[in-house]
Amino acid sequence: STVKGKGDVVYNGTTKAGGTVKATVSDGTIYYDGTVEALRGNVTAEAGNGWIWYEGNVKAGRDVTATMGNGNIVYADSVNAGRDVIAKITQDGNIIYLGIVNAGRDVIADAVRGNILYGRDVSAGRNVKAHTGSGIIAYFGTVTAGKDLPEQIRNGHGKIAYYDRYGLVDYNNSADVALVRDADSGEIKIISD
């Protein structure tokens, strides 16, 4: 669905497609109140100003992506992608995942200004990356990249880059956080070899 001017895109109940599920608005809200599933494709949402809100589980055979100018991106339940889970705020707003996030490859969150919150466990086959120019990055569950993260760090097969220039950057098990100097400002990178 595409709304070229101001307006909202609202889906009631389950939204399911064999290919891609996509919604685009220039100004307004994209809201799914039930489960969203793209069996072999992507789940994509793009908004200039407003909200992107998924109330139920989101599952894609390929990527789950959300891009917002000014506003918030909220996933209220679990997100599962065969490849990547990507959320991007290009101007000002927050990225919030309240459920479990799982990606076959990468989990990436990027905000120019705003907070990034993972309320439950996050796992990725390769990398978990979060960046904000100004705001808080918080993980309230276990973070796994490539394989079990604490084992990965103890064996020297990966690293967490942790840099706190603009605001609090938090990880739920600080004993397993290795500080490194070459991280970008406001960024946590969990990099799997």
Side-chain angles (χ1 to χ4, degrees), residues 1-2 9 15 17 19-25 29-32 35-141 143-146 160-161 169 183-192:
S1 295
T2 300
V9 176
T15 304
T20 292
V21 176
K22 181 174 182 177
T24 305
V25 299
T29 298
I30 297 171
Y31 178 75
Y32 293 88
T35 298
V36 179
E37 186 172 2
L39 298 175
R40 293 176 303 281
N42 306 313
V43 175
T44 303
E46 299 172 3
N49 298 293
W51 285 79
I52 296 172
W53 189 294
Y54 292 91
E55 189 68 32
N57 296 324
V58 179
K59 186 174 183 180
R62 296 177 62 113
D63 302 328
V64 176
T65 62
T67 305
M68 169 68 71
N70 285 299
N72 300 306
I73 299 169
V74 178
Y75 292 91
D77 212 323
S78 66
V79 180
N80 290 284
R83 294 192 322 186
D84 301 326
V85 175
I86 301 170
K88 184 169 183 146
I89 303 283
T90 60
Q91 294 176 38
D92 195 353
N94 303 304
I95 299 168
I96 301 168
Y97 292 94
L98 297 177
I100 293 169
V101 179
N102 182 33
R105 294 191 316 193
D106 300 323
V107 175
I108 299 168
D110 188 4
V112 172
R113 282 187 309 275
N115 302 316
I116 299 169
L117 166 69
Y118 290 96
R120 305 255 328 258
D121 296 348
V122 180
S123 63
R126 296 192 314 199
N127 304 304
V128 176
K129 297 181 183 181
H131 173 266
T132 182
S134 177
I136 297 167
I137 300 173
Y139 294 88
F140 291 99
V143 180
T144 306
I160 299 176
V169 178
D184 293 332
S185 58
E187 181 164 314
I188 293 176
K189 286 183 181 176
I190 304 165
I191 300 172
S192 165

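Quantities reported herein were computed from a predicted structural model and do not represent experimental measurements.
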To the nearest 0.5 Å, what is the distance between [atom1] ([X]) and [atom2] ([Y])?
X	Y	atom1	atom2	value
Thr67	Ile86	OG1	CD1	8.5 Å
Leu117	Leu98	CG	CG	6.5 Å
Ile108	Asp84	CD1	CG	6.0 Å

Please name the residue in the list Asn57, Val64, Ile100 that meets the side chain to side chain contact (heavy atoms under 4.5 Å, CB included) test with Val79.
Val64

Criterion side chain to side chain contact (heavy atoms under 4.5 Å, CB included) against Val43, the qualifying member of Val36, Thr20, Val85:
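The side chain to side chain contact (heavy atoms under 4.5 Å, CB included) with Val43 is passed solely by Val36 among Val36, Thr20, Val85.
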
Can you tell if the side chain of [X] reaches within under 4.5 Å of the side chain of [Y], non-hydrogen atoms only?
X	Y	result
Gln91	Val112	no
Tyr118	Arg120	no
Lys22	Glu46	yes
Ile95	Ile89	yes

Can you name the nearest heavy-atom pair linking Lys88 to Ile73, along with the distance?
O-CD1, 3.7 Å

For Ile52 and Ala66, which heavy atoms make the closest approach, and how far apart are they?
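Residues Ile52 and Ala66, closest heavy atoms: CD1-CB, 4.2 Å.
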
Donor-acceptor under 3.5 Å (Asn70 side chain, Asn49 main chain)
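Side chain of Asn70 to backbone of Asn49: no pair is present.
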
Please answer whether the main-chain N or O of Lys59 pairs with a side-chain N or O of Asn80 as donor and acceptor at a distance below 3.5 Å.
no

Derivation and outcome, side-chain contact (heavy atoms from CB on, under 4.5 Å), residues Trp51 and Ile30
CA-CA 6 Å; Trp51 285 79; Ile30 297 171; over 6 Å; no

Is it the case that Asn94 and Asn72 place a side-chain donor and acceptor less than 3.5 Å from each other?
yes

Does any pair with a residue in residues 54-92 pass ring-ring contact (aromatic ring centres under 6.0 Å, His included), and if so which ones, sequence neighbours excluded?
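Every ring-ring contact (aromatic ring centres under 6.0 Å, His included) pair that includes a residue of residues 54-92, provided the two are not neighbours, is Tyr32-Tyr54, Tyr54-Tyr75, Tyr75-Tyr97.
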
